[in-house]
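Numbering starts at 1 and runs along the sequence shown.
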Amino acid sequence: MEKLAFMFEEGMLARHMSFAESMRLCMVNKDFKALHLRTWRNVWRSRVRDLTTSLPAQADWMQEPSALILAGMDAGMDDYVLGLLEPLTELEHQTSSEHFISRLCLFVFRALDLQRLEIMCSLLENGSRELSMAANDRGCSLLWLSARRGWAAGVQLLLALGDSRGTLPQLLMQANHRGENCLHVAVQHGQTGVVRALLVAAASCGMIRIFVLWRSHAGETCLYVGAAGGHLEIVMMLLATARDCEATRELCALAKNNGNSCLHISIHNRYHEVARVLVKSFGQQLVMMAKNNGVTCLWISAQNGDLAMVMEQLAAAGDRALELLFAKKSNGVSCVWISAQNGHAEVVRALLQAAGVHARELLMVTRDDGASCLWAAAQNGYIEVIDVLLAFSDRELLMLTRHDGESCLYVSAENGYVRVMKRLLAVGGRDLAILRKNDGCSCLFACSAGGQEMATEILLKQYGKELLPLTRADGCSCLHISVYMGYENVFKLLLHASKEAGVESAMLSMTTVDGSSCLFVSVQMGYPSITRKLIEEGGAKLLAMKRKDGTSCLAVVRNNLMRLGSYCAAKLKCQHTQVLTIVEKACLRYGVELE
């Protein structure tokens, strides 16, 4: 060991051993490393000096020492790394080689990544201005990365260097590929201490106003980012800074490219404390802002059912509260409409009370397809919301339909909301019950198509005689559609009601535009029990009916079996076979000619 130390100190070992080998020896043997640090550093300095003249010709000369420097950083051998970096930083001032500069950037970014302050300090203090302003392939500068990590020591180092070299304004305004500067990323990650240090630095160089009002490519300000993350302390710090530099109104007016303001995003993400601070700070100006699609902050609060936030915004809107209430999304949806759709009864009541004498007018605001707020509540079965809406409205709202003619009763019947149906019928009565869509579908048709038994019972009990004979534009009746969908219980309810109303024969004889009766639909779909019931009720007359093209129901079921073939599911084929048997036996019984 002593001989090895003597040879190394005299430079003899350096002449017989490669730099990599000597470096590895130092890294492995701690005693040897501590004893000969000064000696190999001198050897490395002489190596670098010799290589200076051949830099352009030997672009890869840094490959071996680079690997060792990075390995030393990873191993925590800061003293050796610093020894290697000292001659390299001296060499930086003597060469303009891009390859060499990029290697130094690699070292400084690795030091930042590992938070090795001493190494980073050595590189930056001895290096050029360009090195301290370096950025990675995504445009993230050293200050940007340090701010994101919340590495306060690294941030302070970079800020101090920028201040001493006169590059602090450029350093603060460096942005990544998305246009986000160091303040954006510090706010985004909730790094309160870093945010405070950056604001102080910006104020010291007279850049505070530009710094606070800076927007990313998407239009996000630091205040927007803070509100989006719910960082209350940071938001309050930014608001105080904006007041100090008289940038409050400008900061409030800045929104994302899609019109989303800081209040929009805080309410959307349900950061209520942040939202309250913003409303208190900016008042009417911020509350009245709308996104590009027309959505206001009040609209979002109504959608979320946040009653307290709704009341605060209405109070902040002041004399423009009515304008805010009537503001609509681009598809025509108002704040009352969206709160009704989401079942927020108390919010609906508060909005209508705030509208005062204009409440009925507000209720008549419909979506672009003509759907009213009452339709939206009925679609989702919100009986409490419907009670509130009916308390503020008259029959005009109840009779409003979509552009396709669909009423609030129709959509509630379609979804089987029995309580809603009863409430609507209690107010709308017969006039509402007989409303039909543009294609002729009634609310009874909707129940039959959806298999809603209880809803069907309610309609048949109150208005069966009027609703049963109604058909769709193509001639399809409610009985047809219940048979087609295979809802046997609904079919039986309709058939029983037809008997009581004395229209059974007419119902069974009804045909579509191509001449298909209910029996044709049943045999076509392969429903044995429904087919048997129809034949029992309709007898020979129903059995003998033919389509307009002359096809009988027996021919239909035979064609079905031929079409199904041998590859069809056994259950389906069995059903159609049963239907064929039922029809053939019925034809023999009633004396209907077999084809």
His217 atom NE2, over 12 foreign heavy atoms within 6.0 Å: yes
Rounded at 0.5 Å granularity, tell me how far CG in Asn489 sits from OG in Ser482. 10.5 Å
Here the pair of heavy atoms bringing Asn136 nearest to Leu145 is ND2-CD1, 4.2 Å
Side chain to side chain, Leu398 and Cys408, heavy atoms closer than 4.5 Å: yes
Would you indicate whether the side-chain heavy atoms of Glu500 and Lys465 approach each other to under 4.5 Å? no
Determine the minimum heavy-atom distance between Leu467 and Ser442, stating which atoms define it. CD2-CB, 4.4 Å
Heavy atoms of other groups near Met236 CE, more than 12 under 6.0 Å: no
Closer than 3.5 angstrom, by distance alone: can the side chain of Glu488 be matched with the main-chain N or O of Ile530 as a donor-acceptor pair? no
Between Tyr224 and Asn260, is any side-chain donor less than 3.5 angstrom from a side-chain acceptor? yes
Are the side chain of Ser204 and the backbone N or O of Ala201 linked by a donor-acceptor pair below 3.5 Å? yes
Is there a side-chain contact between Phe392 and Leu363 (heavy atoms, below 4.5 Å)? yes
Let's go through Glu273 and Val277 carefully: what are the C-alpha distance in whole Å and the side-chain angles of both, what is the deciding distance for side-chain contact (heavy atoms from CB on, under 4.5 Å) to 0.1 Å, and is it a yes or a no? CA-CA 6 Å; Glu273 291 301 319; Val277 168; 5.7 Å; no
Nearest heavy-atom contact between Leu493 and Leu460 is O-CD1, 3.7 Å
Are there more than 12 heavy atoms of other residues, nucleotides or ligands under 6.0 Å from atom CD of Glu233? no
After noting the C-alpha distance and the side-chain angles of Leu254 and Leu223, does the key distance pass the side-chain contact (heavy atoms from CB on, under 4.5 Å) rule? CA-CA 10 Å; Leu254 293 177; Leu223 181 62; over 6 Å; no
Short side-chain to backbone donor-acceptor contact, Asn181 and Ala175, under 3.5 Å: no
Are Leu444 and Leu470 side-chain neighbours, meaning at least one heavy-atom pair lies under 4.5 Å? no
Can you spot which of Leu352, Leu351, Leu307 makes a side-chain contact (heavy atoms from CB on, under 4.5 Å) with Ser339? Leu351
Strictly distance-based, threshold 3.5 Å: is any side-chain N or O of Asn331 a donor or acceptor partner for the main-chain N or O of Asp368? no
Hey, does the side chain of Gln313 reach the backbone of Leu298 with a donor-acceptor pair shorter than 3.5 angstrom? yes
Tell me if a side-chain donor or acceptor on Trp144 pairs with a main-chain N or O of Ala135 at a distance below 3.5 Å. no
Does this structure show an ion pair linking Arg270 with Asp306, if we count only N-O contacts that are shorter than 4.0 Å? no
Residue pair Leu159 / Val200, side-chain heavy-atom distance below 4.5 Å: no
Met289 and Thr296: CA distance, side-chain angles, deciding distance, side-chain contact (heavy atoms from CB on, under 4.5 Å) verdict: CA-CA 6 Å; Met289 289 179 70; Thr296 62; over 6 Å; no
Please check this pair: side chain of Asp474 against backbone of Thr512, looking for a donor-acceptor N/O pair closer than 3.5 Å. no
Should Gln170 and Met133 count as side-chain neighbours, where that means a heavy-atom distance under 4.5 Å? yes
Over all atoms of both residues, closest heavy-atom pair of Cys245 and Arg209: O-NH1, 2.8 Å
Closest approach of Ser407 to Leu435 (non-hydrogen atoms, all atoms of both residues): CB-CD1, 4.1 Å
In Å, rounded to the nearest 0.5 Å, how long is the span from CG of Leu278 to NE2 of His264? 12.0 Å
What is the minimum heavy-atom distance between Leu397 and Ser372, and which atoms define it? CD1-CB, 4.0 Å
Is the closest side-chain donor-acceptor distance between His184 and Gln188 under 3.5 Å? no
Could you tell me if Gln284 and Asp319 have a donor-acceptor pair between their side chains, going purely by distance under 3.5 Å? yes
For His268, does the NE2 atom have more than 12 heavy-atom neighbours from other residues, nucleotides or ligands under 6.0 Å away? no
Are Met237 and Leu199 side-chain neighbours, meaning at least one heavy-atom pair lies under 4.5 Å? yes
Report the distance from atom CG of Leu374 to atom CE of Met364, rounding to the nearest 0.5 Å. 10.5 Å
Side chain Trp299, main chain Val333, donor-acceptor under 3.5 Å: yes
Spacing of Asn176 atom CG and Arg148 atom CZ [to the nearest 0.5 Å]: 9.5 Å
May I ask you to check whether over 12 heavy atoms, not counting those of Glu396, lie within 6.0 Å of atom CD? no
Have Gln379 and Ser412 got a donor and an acceptor in their side chains that come within less than 3.5 Å? no
Considering only NZ, NE, NH1 and NH2 on the basic side and carboxylate oxygens on the acidic side, decide whether Arg215 and Glu180 come within less than 4.0 Å. no
With a 4.0 Å cut-off, would you call Lys461 and Glu457 a salt bridge? no
Between the side chain of Arg395 and the main-chain N/O of Val427, is any donor-acceptor distance below 3.5 Å? yes
Side chains of Asn342 and Gln303 only: does a donor on one sit below 3.5 Å from an acceptor on the other? no
Are the side chain of Tyr527 and the backbone of Tyr484 linked by a donor-acceptor contact shorter than 3.5 Å? yes
So, Glu406 and Trp375: side-chain donor and acceptor under 3.5 Å apart, yes or no? yes
Using side-chain contact (heavy atoms from CB on, under 4.5 Å), reason through Leu325 and Leu314 one step at a time and then give a plain yes or no. CA-CA 8 Å; Leu325 286 167; Leu314 288 172; 4.0 Å; yes
Heavy-atom count around Phe282 CZ within 6.0 Å, excluding the residue itself: above 12? yes
Taking the side chain as everything from C-beta on, heavy atoms only, tell me whether Leu389 gets closer than 4.5 Å to Cys373. yes
Roughly how far, to the nearest 0.5 Å, is CE of Met399 from CG of Asp394? 11.5 Å
